[in-house]
Every structure is written in structure tokens, then in C-alpha cells.
Amino acid sequence: MAFLIRTVDHTSSGKEIVRDRTIPKTDVSIGRAAENDIHLPDLAVEQHHITVHSASDSSLSIEAVGTLGFSLDGKTETSAQIAPGAGGELEVGSSRLTIERAEDGVTLITITQVETESDRDILRGFALESALPSKRAMSWIFAGIVLVALLAIPVATHLFRTPVENDPKGETPGQVVFDSTWSTGELSMAHHSLEENCEACHATPFVSVQDTTCLTCHEEIDDHAEMPRQAKGMAPFSTGDAIQWSIAQTLGKEGPLGCVSCHTEHEGPVKLEAASEKFCADCHDALDTRLTDVDFTNASDFGEKHPQFRPAFYTAYGNDNPDRVSLANNPVEMSGLKFPHDIHMDEQGGAARMAISLGKYGAPLECSDCHEETDDRIGFKPVEMEASCESCHSLVSGRSGAGFTNLRHGDIDDLREDLMRLDRGPRRSIVNGRTRPGQFAQGGRYYSNFGRPVASYLSLTNALRPDGLCGECHLPTTTNGRADVMPVNLPDRFLHQGYFDHAAHEDESCTDCHAADTSKEAMDLLLPDVESCRDCHLGETAVKTEKIVPSGCAMCHGYHTPTMPWRPEDHQNESPANLIATLERIKR
Amino acid sequence: MASKAQNKFQQDEQRRNADHVSFLKHRNWRWLKVAAILTVILSLGYALIDQEPRPNGGSWYGYTLGTIGLLLIVWLSLLGIRKRRPTPGSWSLKNWTSAHVWLGLSLTVIGTLHTGFQIGWNVHTLAYVLMLLVIVTGIYGIWAYATLPAGLSSNRKEMTRSDMIEALTAIDRQLESAAQPLDRQQSDLVIAALGQNVFYGGALGRLTGSYPGCATNRALKNMPMGRSGEEAEDRVTNLLTRRADQLGQIRRHLRIRALLEVWLFIHIPATIALLAALLAHVISVFYYW
């Protein structure tokens with residue numbers, strides 16, 4: 001039972017000085033006082049700091065004498081045990097006492113000075129910072145990537161591009177790099193080819209898309225009305241919208257009547273949708289309060305608030321232009337024709353009998369025998385006398401060879417000529433087999449028709465009488481002193497501000513809407529009024545049933561071309577060429 | 001006079017109390033209330049104000065939401081500057097932090113309404129996603145600060161970080177001398193254990209607490225278990241076990257600290273990236289107006 005005390009000192013040059021001494025005791029005192037067995041001249045050490053007792057089983061017990069503890073293997077203790085054979089590191093103040101077991105039960109205590117290691121450096125390792133890239137570096141890198149790739153590159157390539165003329169086919173690729181990252185959403189299907197060509201529309205930095213840019217391709221588009229009138233007729237904005245528009249327009253954005261204010265883009269790959277009833281009603285609901293001089297009334301819902309139809313037709317014989325008259329005013333059409341529909345449509349009547357006897361019809365007359373739909377199935381072709389009437393109302397004037405000669409229809413002069421020719425035709429000879437001799441024979445120089453003036457010589461006058469040939473259908477009149485018929489004024493189209501799709505109504509019979517079977521006079525205007533449409537068609541918000549069809553404005557009205565409603569099939573492949581074709585069809 | 005003293009006492013008392021109130025509850029939940037009122041008003045506006053043709057960041061209401069959101073983001077991100085300039089007063093750091101948290105949370109609603117629920121692969125949605133990332137990491141941060149320090153404290157067992165390192169170093173020194181009699185193979189195991197950095201394992205190791213390449217554990221695994229009879233081997237095994245225990249404590253500490261700090265490594269860079277994306281968002285929107 002002894003302690004071998006080994007003191008290790010360092011010279012200033014770092015050389016070790018090792019001194020050994022043996023203390024043949026079972027207890028060793030450690031402290032600052034000189035009488036201690038191990039004397040540590042360190043102010044951090046108590047005068048009598050620690051006692052180390054070596055027990056008989058060679059385990060060591062270490063006790064702090066005072067209140068200050070010590071550190072054993074890094075842990076602060078005031079009392080500790082070291083098992084037999086085990087060692088430990090005792091730290092007191094700046095001294096380290098390494099306890100080891102030497103041979104023969106001797107305990108070796110090596111005293112060294114603790115190197116004042118920079119704690120701070122190693123403690124940094126505890127922070128996560130030491131295991132990850134610095135926050136600041138990451139911030140700069142990420143922000144840099146965003147600013148360069150998503151801002152600087154698009155802006156620079158846009159500024160330094162060579163502007164090209166707009167390509168209506170949209171096949172020109174864009175020149176600006178990475179600007180598709182600016183797109184707030186896919187373009188509509190019609191503009192899909194421009195997806196990678198932002199600058200086609202966004203031509204100038206910080207200038208909103210201009211109408212003129214739209215019109216470089218959509219040059220055929222008409223304005224809904226004159227711009228100043230539209231502006232005046234618009235419903236007032238909400239405060240928020242008013243502020244936004246005033247700011248936006250100050251900064252050069254097209255106004256609320258600009259293309260993009262309705263045709264919003266980047267809303268996904270959608271087809272152009274028909275405008276909603278509300279869209280129209282925003283202005284047309286109380287339009288008369290803002291535009292006091294319009295000649296049509298307000299409209300907001302077909303079922304509840306829509307003016308009576310005002311077709312355009314001729315209100316007096318021989319008028320140069322048609323007039324628009326509301327169906328509410330019991331209008332009378334003065335087309336210049338006599339035509340009782342009821343007689344022609346009566347399945348038991350004379351007209352039906354005659355039609356049955358004619359190979360062309362073989363059955364009582366139907367509407368379509370005279371009224372032929374146009375190819376687009378929207379309207380009807382003009383009724384032509386030769387094709388529709390002449391089978392019964394014959395103009396046959398005589399025989400010629402194998403067939404017949406006809407009086408020509410449509411021009412009084414032609415008729416007069418035909419009648420004259422008729423008169424100059426050869427008389428039937430009274431006696432067969434005998435002719436006049438020589439130059440007096442037919443075709444000879446002195447031939448003359450010595451017969452009495454035939455009835456047909458005077459028949460132009462007769463024909464134009466109310467009970468004459470022409471008078472069957474026409475009204476006689478006098479033009480420049482000469483007998484004539486009243487000009488026929490039948491409009492090709494009655495409703496010019498809206499549109500009616502006959503094809504969509506093919507399950508209905510004509511007389512469901514047009515009361516032709518009871519019409520005795522051509523003066524009856526056989527157009528259905530708004531109330532009869534409402535049997536099936538109510539406003540957009542109406543509840544759809546088997547009979548009721550909720551009908552928005554766009555079903556009958558177009559915006560840019562009021563006579564043409566919005567039709568989805570027109571917008572399937574909205575290439576400009578197609579659009580022009582559509583517009584031309586409308587014009588026709 | 002008396003009432004003045006009374007006032008002073010009350011003020012001091014109030015101040016003392018306030019010092020121990022969580023920044024979340026600061027001033028009786030003032031910023032929670034502000035954020036809640038802001039959120040409710042803006043949500044009601046979104047629901048009740050009709051935006052034609054559909055809600056969109058470019059409608060007047062969208063611009064309003066966007067402006068409020070932008071100002072909030074810029075202001076809240078200034079906490080990073082404010083906290084480095086200690087200035088007490090009514091705009092105390094606690095006040096700032098309280099506002100930072102509650103208004104930051106309200107940005108989830110304001111930002112989402114500003115998008116009009118139109119999301120895509122573009123710089124605009126990038127800004128929105130970065131904003132959400134910042135907010136989510138912030139929420140995690142609050143959870144971490146509220147729950148993890150207790151574990152940190154209990155793991156310490158009254159040891160400071162330097163104590164832990166010191167303890168390990170002490171064990172290491174003993175290991176080195178105890179390992180002297182060992183054969184080559186075992187010596188190499190000990191050398192590897194001693195040579196491995198205390199903080200070995202990287203961020204992932206810290207966060208998961210999993211250190212598959214730990215040389216101390218490997219050495220332990222390859223040392224004879226139990227009493228082998230060889231005194232030196234037993235002593236080394238004993239010391240290696242102590243080393244592993246000490247490393248375990250350090251690593252638990254590291255794990256808790258990593259969990260406590262990791263959100264900042266997303267929160268801060270994402271915030272700066274968000275500010276950059278916001279700049280790109282605002283400029284691009286008006287550049288291609």
C-alpha cells in the first residue's frame with residue numbers, strides 16, 4: 001500500500017521533467033497547503049482539498065475535504081470510488097492527477113498541468129451549423145438562382161431580342177428565354193400555339209397587352225357598338241374596380257372595353273366560352289338610364305325582361321327600305337303579293353287536289369315545297385316563282401314543236417315582248433291544204449294577218465288587271481304611265497339583331513310557331529312573338545326541365561356580330577383563316 | 001404620492017410578469033387577435049366580393065391581398081435584422097417575435113387567397129410554395145423550442161458541453177494507455193475509435209441519431225465480451241463501454257440540438273429565396289402586364 005507520485009513539468013522549451021517519489025501511506029492528502037502529501041500551488045485548489053484513501057482491497061476512495069469538489073473522469077464529484085485495478089483522472093484546479101495501478105499494489109499518481117485547450121473551438125461542434133452549409137451561403141445561392149434564372153435572363157433576352165412581326169399562325173417560336181416560368185397559367189386552346197411565344201402579345205415591357213396587338217391577327221372583329229357609346233352605356237364600376245381601372249389606365253392599360261378585359265388569358269386550356277347572361281345584363285339591364293337615345297328597351301333575362309321582337313319588313317307597298325316594327329303593334333306586311341297561305345295548305349282544298357295530281361308533288365303541299373332552307377339551316381332561300389308557283393300558276397302561252405312556250409316571269413317588258421311575239425305567231429289556217437299564192441303566202445313579202453285582233457293582243461292590259469293572269473298574285477299599278485305590277489318586297493331576313501337556328505328546332509312543325517295554316521292574307525306577318533318562344537325558352541337561370549330550356553343571351557345574340565350567336569363549333573380550331581371564313585359567311 | 005408609488009409598483013410587477021409570459025401570449029394574445037381579425041376580414045372579403053371573371057391575383061381584391069401579403073412578408077423577415085439590434089421599448093423583441101409568428105401564420109390564408117387557387121409551374125407559385133415552406137418550418141420551430149429544450153436539459157445530467165468533451169477526452173487518455181498491451185488487431189480498433197471525430201456523422205447522423213460507422217461501437221463489437229481473463233482486454237472493453245456511453249450522451253445532445261436548429265437552415269434560406277422570388281414575381285407580372 002503505497003503511492004508513487006510522479007510529477008511531470010514542462011520546461012519553457014517544452015521538454016518534460018519527470019520526478020518520482022513514493023509515499024508509503026494508505027492516505028494521501030491533496031491541497032494547496034504545503035503540509036499536504038501532494039502540494040498543488042494553485043489558487044483554485046483549497047488548502048486541504050482532497051483525501052485519497054487506499055482500502056485493503058486496493059480500491060481507492062476519494063473524498064473532498066471541503067465544500068469544493070473535484071472532477072473525476074470529467075464529472076464533478078465530492079466523493080468517489082475507484083474500483084481495484086481501475087484508474088481514473090482526477091482534476092483539481094489546473095492540475096490533472098492520473099491514477100493508475102502499478103505493480104505490487106502501488107498506486108501511481110501522475111501530476112500534469114492541464115493544457116488550457118480552446119474550449120470554444122470544440123464547443124462549436126455542438127451546433128448544427130458545423131455540419132451544414134451556412135445559412136447565409138445557402139440564402140445567397142438560392143436567391144441568386146431565382147433572380148438570375150427567373151428574372152435576369154427573361155428580362156435580358158426580352159430587351160435584347162430583335163422584334164419580329166406577329167405571325168397569325170403562331171408558328172414563330174419565342175425568342176425570350178425562361179419567360180414561360182412567368183406564365184400564370186396555360187393559354188386558351190385557340191392561343192395554344194403562342195404558349196412559348198409570350199412576346200407575341202407582351203410586346204413592350206411594363207405595357208399591358210394592347211388591342212392593336214390582338215387586331216394584328218383578329219382584324220375582322222367588329223366593335224359591339226361605337227366605343228364612346230359603349231363606354232357611356234357601361235354599368236358603373238364597384239369602387240374597387242373603379243380605382244383599379246383608373247390606376248391601370250393611368251399606367252397605359254387598355255380600358256375596360258379593351259380586348260383583354262373580357263378575353264382574359266392564362267386561365268388554362270379552355271375553349272372560348274359564350275358570354276353569360278349576367279355579362280350582357282350588366283349593361284343592358286338598365287341601359288336606358290345611361291343611353292337615353294337607344295331605340296331598344298332593356299333586357300336582362302329572356303324569360304322575364306326581353307323586348308318584343310322587332311322584325312324588319314316592308315310596311316307600305318313599294319317602300320325602298322324595310323322598317324322595324326314591334327310584333328306587339330299588330331304589324332301588317334305590305335309585300336306587294338297576294339298569297340293566302342290557308343288555301344295552299346288546306347289538305348282538302350283545291351291546291352292540295354292539284355298538287356296530288358302533279359308528279360312533282362304527288363301529295364298536298366308542304367311548307368318545304370316552297371320554302372327551302374339555306375345550306376347553313378339558319379334561314380330560307382327566296383321563294384322563286386318558276387320553281388315554286390309555276391307548276392300550278394302556269395304561264396304556258398302556246399305550243400312550240402314538242403313542248404310549250406312560256407311567258408317569262410319577273411319583268412313586265414319581257415312579258416310585253418312575249419305577248420307581242422305571241423300575237424305575231426301564225427294564225428291557224430281555216431282550211432287545211434290550201435295556202436295563198438306567191439308573195440302573199442306566209443313568209444312572203446306581202447303576207448299579212450288579216451284576222452280580227454286576237455284577245456291576246458290586248459292581254460297585257462288584261463293580264464295586269466286584278467282578275468287577269470298577273471293579278472292572280474300581283475297587285476296592278478302604273479309606273480310612268482304604263483301598266484305595271486307592284487314591286488315585291490320580301491326581306492331575306494326579318495330579325496337582324498338576333499338569330500334563329502331552324503336546324504335546332506327541326507323536331508317542331510312549322511305551324512307550331514308560324515300560324516300559316518290559318519293565314520288568309522299575305523299581309524299577315526307570320527313571325528312568332530317573344531311570348532311563344534317563352535313556351536320553351538326562359539332565362540339562363542331558369543330550371544331546366546323536359547320542356548324548359550334555360551337560354552342565355554348568347555343563344556340568339558352575338559357580341560361582336562350581333563346577328564350571329566356564339567356557337568361553340570365556330571371556335572373549335574380558331575385559326576385566323578377559319579375565323580375570316582366564318583366572318584365572311586356571316587356577311588353573306 | 002402614494003398612488004404614484006402604487007403605480008410604480010404595479011408597473012414593475014407587470015413588467016416582471018411580462019418577462020415570464022411566452023411571446024405567443026404576449027400582451028394577452030394581442031398579435032393572435034390582430035392576425036385572426038385580419039384573416040377573417042380578408043377571407044370574408046374574398047367570399048363576398050364578386051371578382052369577374054373569377055378570383056385572380058390580378059383583380060383589385062387580388063392586388064389588395066398581394067400588397068398586404070408582400071408588406072407582411074418583408075416586415076416579418078426584418079425580424080432577422082431587428083433581433084440583432086437590441087432596443088427595448090414598446091416594440092420589444094418579444095413584441096416583434098409575437099407579431100412575426102402570428103402574422104406569419106395569417107399569411108397562409110392571405111397568400112392562398114391571393115393565388116385565387118390558381119397554381120402552376122411558374123415563378124408565382126414558386127413564391128407561394130417558398131412562403132408556405134417558411135411558415136411550415138416556422139411552425140416546426142415553435143414546436144421545437146417549446147418541447148425539445150426539456151430533453152436537452154435532462155440529457156445533460158448537470159454536465160456542460162465542455163464537461164462532456166472533457167469526460168470523453170479523459171476516457172480517451174485512459175484508453176490509450178490501457179490499450180498498450182493489446183495485439184495489433186485490437187490496437188487498430190482502439191486507434192480507430194480514438195481517431196474518430198466526436199462529431200462524426202454529419203447532419204443526417206445528428207438528426208436521426210444513427211451512426212452506422214461509429215468506430216467505438218465497432219471496436220466494442222469486436223472486443224471479447226464479458227471477462228476474457230485478459231486483464232488489459234477487460235480494462236479496454238470497460239473503457240470502450242464508458243466511451244460509448246459518453247458518446248451516447250453527446251450524440252443525444254447533438255440530436256436534440258440538431259432538431260432544435262434544423263428548421264432555421266430551411267427557414268432562413270427559404271425566406272431570402274422567397275424575397276428574391278417575390279421580386280421576380282412582382283416584376284414579371286408587370287413586365288408582362
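Per chain, numbering begins at 1; letters A, B, ... match sequence-line order.
- If you measure heavy-atom distances from A:A127 to chain B, the contacts under 4.5 Å come from both the backbone and the side chain.
- Interface residue A:L251: backbone and side-chain heavy atoms are both found under 4.5 Å from chain B.
- With a 4.5 Å cut-off on non-hydrogen atoms, B:V262 touches chain A through its backbone and its side chain both.
- Looking at B:I165, the atoms closer than 4.5 Å to chain A (heavy atoms on both sides) all sit in the side chain, from C-beta outward.
- Neither the backbone nor the side chain of A:V148 comes within less than 4.5 Å of any heavy atom in chain B.
- Without hydrogens or angle criteria, B:Y46 side chain to B:I41 main chain gives no donor-acceptor distance under 3.5 Å.
- Among the candidates A:G87, A:G185, A:G88, the residue making the largest number of heavy-atom pairs closer than 4.5 Å to chain B is A:G88.
- When heavy atoms are compared at a cutoff of 4.5 Å, B:R161 approaches chain A by way of both its backbone and its side chain.
- Ranking A:I145, A:L132, A:T76 against chain B, the residue ahead of the rest is A:L132, based on heavy-atom pairs under 4.5 Å.
- If you check the side chains of B:Q174 and A:D73, you find a donor sitting under 3.5 Å from an acceptor.
- The aromatic rings of B:Y63 and B:F286 lie parallel to each other, with less than 30° between the two planes, well short of the 60° mark.
- Heavy atoms of B:E261 lying under 4.5 Å from chain A belong to its backbone as well as its side chain.
- Residue A:E186 does not touch chain B at all, counting heavy-atom pairs closer than 4.5 Å.
- Only the side chain of B:N56 comes within less than 4.5 Å of a heavy atom of chain A; its backbone N, CA, C and O stay farther away.
- Here B:H267 and B:Y140 keep their ring centres 6.0 angstrom or further from each other.
- Using a 4.5 Å cut-off between heavy atoms, B:S177 touches chain A through its side chain atoms alone.
- For B:L126, the part lying under 4.5 angstrom from a heavy atom of chain A is the side chain only.
- Looking at B:F199, only its side chain comes within 4.5 Å of chain A, counting heavy atoms on both sides.
- For A:A248, the parts lying under 4.5 angstrom from a heavy atom of chain B are both the backbone and the side chain.
- When each of B:W289, B:W121, B:Y288 is paired with A:W182, the ring-ring contact (aromatic ring centres under 6.0 Å, His included) condition holds for B:Y288 and for no other.
- Proximity of a side-chain donor or acceptor of B:R84 to a complementary backbone N or O of B:G80 within less than 3.5 Å is detected.
- In this structure, the portions of A:K253 lying under 4.5 Å from any heavy atom of chain B include both its backbone and its side chain.
- Between the side chain of B:T125 and the backbone N or O of B:G120, at least one donor-acceptor pair lies under 3.5 Å.
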task: Step by step, work out the salt bridge (Lys or Arg N to Asp or Glu O under 4.0 Å) result for B:D163 and B:R156.
output: CA-CA 10 Å; B:D163 288 345; B:R156 283 198 123 110; over 6 Å; no
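- For B:W60 and A:F237, the gap between ring centers reaches or exceeds 6.0 Å.
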